[in-house]
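Residue numbering restarts at 1 for every chain, and letters A, B, ... go by the order of the sequence lines. Note that these values count all heavy atoms, side chains included, but never hydrogens, waters or copies made by symmetry.
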Number of protein chains: 2
Amino acid sequence: MKSHLLTYSDFTEEEIAQVLYHFEEKRFKKKDFIIRTGQIDRYQYFISHGCVRGYIVDYNGKEHNIAFRFEEFWFGDMESFTNNTKAHYNYQALEDLTVLAISKTNWDKISNEIPAFVEYSRNLFRNAMISQQNRIAKHLMQTAEQRYEQLITEHPHVLQRISLKNIASYLGVTPEFISILRKKVAKK
Amino acid sequence: MKSHLLTYSDFTEEEIAQVLYHFEEKRFKKKDFIIRTGQIDRYQYFISHGCVRGYIVDYNGKEHNIAFRFEEFWFGDMESFTNNTKAHYNYQALEDLTVLAISKTNWDKISNEIPAFVEYSRNLFRNAMISQQNRIAKHLMQTAEQRYEQLITEHPHVLQRISLKNIASYLGVTPEFISILRKKVAKK
DNA sequence: GTAATTTCTTGAACTACTTCAAGAGTATTG
DNA sequence: CAATACTCTTGAAGTAGTTCAAGAAATTAC
C-alpha cells in the first residue's frame, strides 16, 4: 500500500503513516460478498491478497462481469460510495481475500487533511477513466475472438486464476462460445 | 465555466480568476479536427459552444465513435495529454465550435498552485470513470435495440444534433441496422 | 439553384454469436 | 471417498446484427 501511494503522488513519511492509520484490515472467504447490489457501499477496498469480480445482474437474472481486481488494486462501487446511493454492482471474492478498507468518513477526512491524497486519488481516477475508455473502444472495434486473443496474450496470468465462465461473462459472450474460440485459437 | 468550477469544488473568487486566466479561447469550423490520432494532445478543451465527436479508427479503416461532447463538457485525449504520448483518438467538430483550451503547462501550474483545482479535476475524473463503467455494463447487458431505445428516451436532444450514422457508430452497430431499429421502435 | 456529395432506407444473403440439451471432466462437501 | 455440484465441451437450430448493392432524400457547395 505504501509503495502504491508513492507511485501516484508525493507523500512525506508522516503523511503516509497518517493515511495508513485510517485503514482497517478485513478478511473474506472465497465466494463471500464484499458489496451487494441495493446496499450502500461505505468503504473502498485495497487488495493485499486474493482477487474479486465485480458484476451486475440484468432483468433476466443473468450476471455480467464488469471487472476483476487483483493484489495492489482498489475496488468498490464508487458511485454508491460517493453519493450514498444504492450500489449497482456486486463484488464477490473469487479467492480468500485480505483487504485494507477505508470508510467514507476517513476517506473524506484524509482528503481534507492531506492534499497529496487528493492528488493520489485524482491520478487513480484518471487512470481508471482512461482504461475504461480504452475498454469501450475495444468492445466497439473488436470481435469476441479478437478480445479473447488479446486477453490471453496481454494478461495470461488472468487465465490461471479466473474460470472460463467468468472470462466469458467479462468478454460479453457465453461460455459455450468461449469453448469454440479456444478450439479455434488452439489450431493456430 | 465559472459555474462549472463551483459545482465540483470550492473556489474563492480570486482562485476562479486565476484559473480562468490560464485558458485561451479557440474557434473551429464544422468538420475541423481538434485532435488527431498519432499526434500529441497538448490541451484539454471545455466547450462553450458547439459539439464534437471522439472516435478511433480500426485496422479495417472503420471509424468507431467513443464519445460525443456538448456545451459545458470537457474533452481531450487524457492519456496523450497526461503522458505526452501519441493520441489514440480523433476529436472532430460536428458543428462550429468555441472552446476554452488549457495547455498542459498551465494545467500543471494550476494544479500545483490551487488545491481546489486538484479536487475539481478529481471529481470530474471520478464522474467520468463512473459513467464509463456504467456504459460498459450497458453494453454487456443490453441488445442494440435496448441501447437505442434508452438513448432516445434519456437523451432525446442528442438525436437533434447527431446524425444517425454517428449514433450507429456510437452504439456499436451499422447505419443499416439503425434503420431497422427505427422502423421497429416507430411501430410501438 | 442546380450539381455533387452525403445520409438514410430497403432487401437479400451471410456471419458471429446464442440457446438448449446432454455428457464428460473437475472441484467441493460431508 | 462417495455424492453433489459446478465447469467445460459438443452439436444442432435459431437470432441479432453485418455486408453489399442500389435508390431516395437531404445537405453542402459552387
Side-chain angles (χ1 to χ4, degrees), chain A residues 28-33 50-51 53 55 58-65 68 92-96 138-152 158-188, chain B residues 28-32 50-51 53 55 58-65 68 92-97 138-152 158-188:
Chain A
F28 296 91
K29 282 276 165 207
K30 184 170 177 171
K31 292 190 182 171
D32 281 354
F33 285 89
C51 69
R53 68 176 180 127
Y55 71 92
D58 69 20
Y59 287 109
N60 304 318
K62 201 171 285 182
E63 299 180 357
H64 303 271
N65 291 335
F68 302 114
Q92 183 185 32
L94 293 178
E95 301 170 356
D96 287 353
K138 277 175 199 159
H139 255 272
L140 293 176
M141 287 198 294
Q142 300 181 325
T143 62
E145 182 173 354
Q146 291 169 322
R147 297 200 298 275
Y148 176 69
E149 278 200 299
Q150 192 169 340
L151 182 70
I152 58 180
V158 167
L159 285 161
Q160 308 312 122
R161 295 174 72 175
I162 308 287
S163 68
L164 289 176
K165 180 191 162 196
N166 275 325
I167 301 256
S169 169
Y170 177 81
L171 294 176
V173 295
T174 57
E176 291 91 335
F177 193 59
I178 286 283
S179 269
I180 295 170
L181 293 182
R182 265 156 64 86
K183 257 208 304 198
K184 259 194 182 176
V185 170
K187 273 188 191 166
K188 292 192 182 176
Chain B
F28 296 91
K29 282 277 167 203
K30 185 169 177 172
K31 291 192 183 169
D32 280 356
C51 70
R53 69 176 178 126
Y55 70 92
D58 70 20
Y59 287 109
N60 305 317
K62 202 171 283 181
E63 300 180 356
H64 302 271
N65 291 335
F68 302 115
Q92 184 186 30
L94 292 177
E95 303 169 355
D96 288 354
L97 181 73
K138 277 175 198 159
H139 255 271
L140 292 176
M141 286 198 293
Q142 299 181 327
T143 63
E145 182 173 354
Q146 292 169 322
R147 297 199 299 274
Y148 176 70
E149 279 199 300
Q150 192 169 342
L151 182 70
I152 60 180
V158 167
L159 283 160
Q160 308 313 122
R161 296 174 73 177
I162 308 287
S163 68
L164 291 175
K165 181 191 160 196
N166 275 325
I167 301 257
S169 170
Y170 176 80
L171 293 177
V173 296
T174 58
E176 291 91 334
F177 193 59
I178 287 284
S179 270
I180 296 171
L181 293 182
R182 265 155 64 85
K183 258 208 303 197
K184 259 194 183 176
V185 171
K187 274 188 189 166
K188 291 190 180 173

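The CD1 atom of A:Ile178 sits 14 Å away from the P atom of C:dT19 (whole-angstrom rounding). Rounding to whole angstrom units, CZ of residue B:Phe177 and P of C:dA12 are separated by 17 Å. Between B:Gln142 atom CD and D:dA16 atom P there is a gap of 15 Å when expressed in whole angstrom units. As a whole-Å value, the separation of B:Lys183 NZ from C:dC8 P is 16 Å. Atom NZ of B:Lys184 and atom P of C:dG11 are 15 Å apart (whole Å). Separating the CD atom of B:Glu145 from the P atom of D:dT18 is a distance of 13 Å, rounded to the nearest angstrom. In this structure, NZ of A:Lys62 is placed 12 Å from C1' of C:dC17, rounded to the nearest angstrom. For A:Leu181 and C:dT18, the CG to P distance is 9 Å, given to the nearest whole Å.
Closest non-hydrogen pair, A:Gln146 versus A:Gln142, comes out as OE1-CA, 3.1 Å. The two residues B:Gly50 and B:Leu97 come nearest to each other via the heavy atoms C-CD1, 3.9 Å. The nearest pair of heavy atoms linking B:Phe68 to B:Ile167 is CZ-N, 4.3 Å.
For C:dT9, the OP1/OP2 oxygens have a side-chain nitrogen or oxygen of B:Arg182 closer than 4.0 Å.
Two residues are said to be in side-chain contact when any heavy atoms from C-beta on lie closer than 4.5 Å; A:Ile178 and A:Leu171 meet this criterion. No side-chain heavy atom of A:Tyr148 sits less than 4.5 Å from a side-chain heavy atom of A:Val173. Residues A:Glu63 and A:Gln92 are not in side-chain contact: their nearest non-hydrogen atoms beyond the backbone lie 4.5 Å or more apart. Residues A:Leu159 and A:Leu164 have side chains in contact (heavy-atom distance under 4.5 Å, counting atoms from C-beta outward).
Panel note: side chain A:Asn65, backbone A:Ser169; no donor-acceptor pair is recorded below 3.5 Å. B:Asp58 places a side-chain N or O within donor-acceptor distance of the main-chain N or O of B:Asn60, the cut-off being under 3.5 Å.
Checked options B:Arg53, B:Arg161, B:Lys30, B:Lys29; the residue passing with B:Glu95 is B:Arg161 (criterion: salt bridge (Lys or Arg N to Asp or Glu O under 4.0 Å)).
Note on A:Thr143: only backbone sugar-phosphate atoms sit closer than 4.0 angstrom, heavy atoms only; bases stay farther off.
Of the residues in residues 162-176 of chain B, those placing a heavy atom less than 4.0 Å from an atom of DNA chain C are B:Ser163, B:Leu164, B:Lys165, B:Glu176, in numerical order.
Note that the OH atom of A:Tyr55 and the CE atom of B:Met141 stand 13.5 Å from one another [nearest 0.5 Å].
The terminal axes of the helix from C:dG1-D:dC30 to C:dG30-D:dC1, fitted over 5 pairs per end, subtend an angle of 70° to the nearest 10°.
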Go along nucleotides 23-30 of chain C 5' to 3' and tag each nucleotide: B for a protein heavy atom under 4.0 Å from its base, S when only backbone or sugar atoms are that close, - otherwise. -----S--
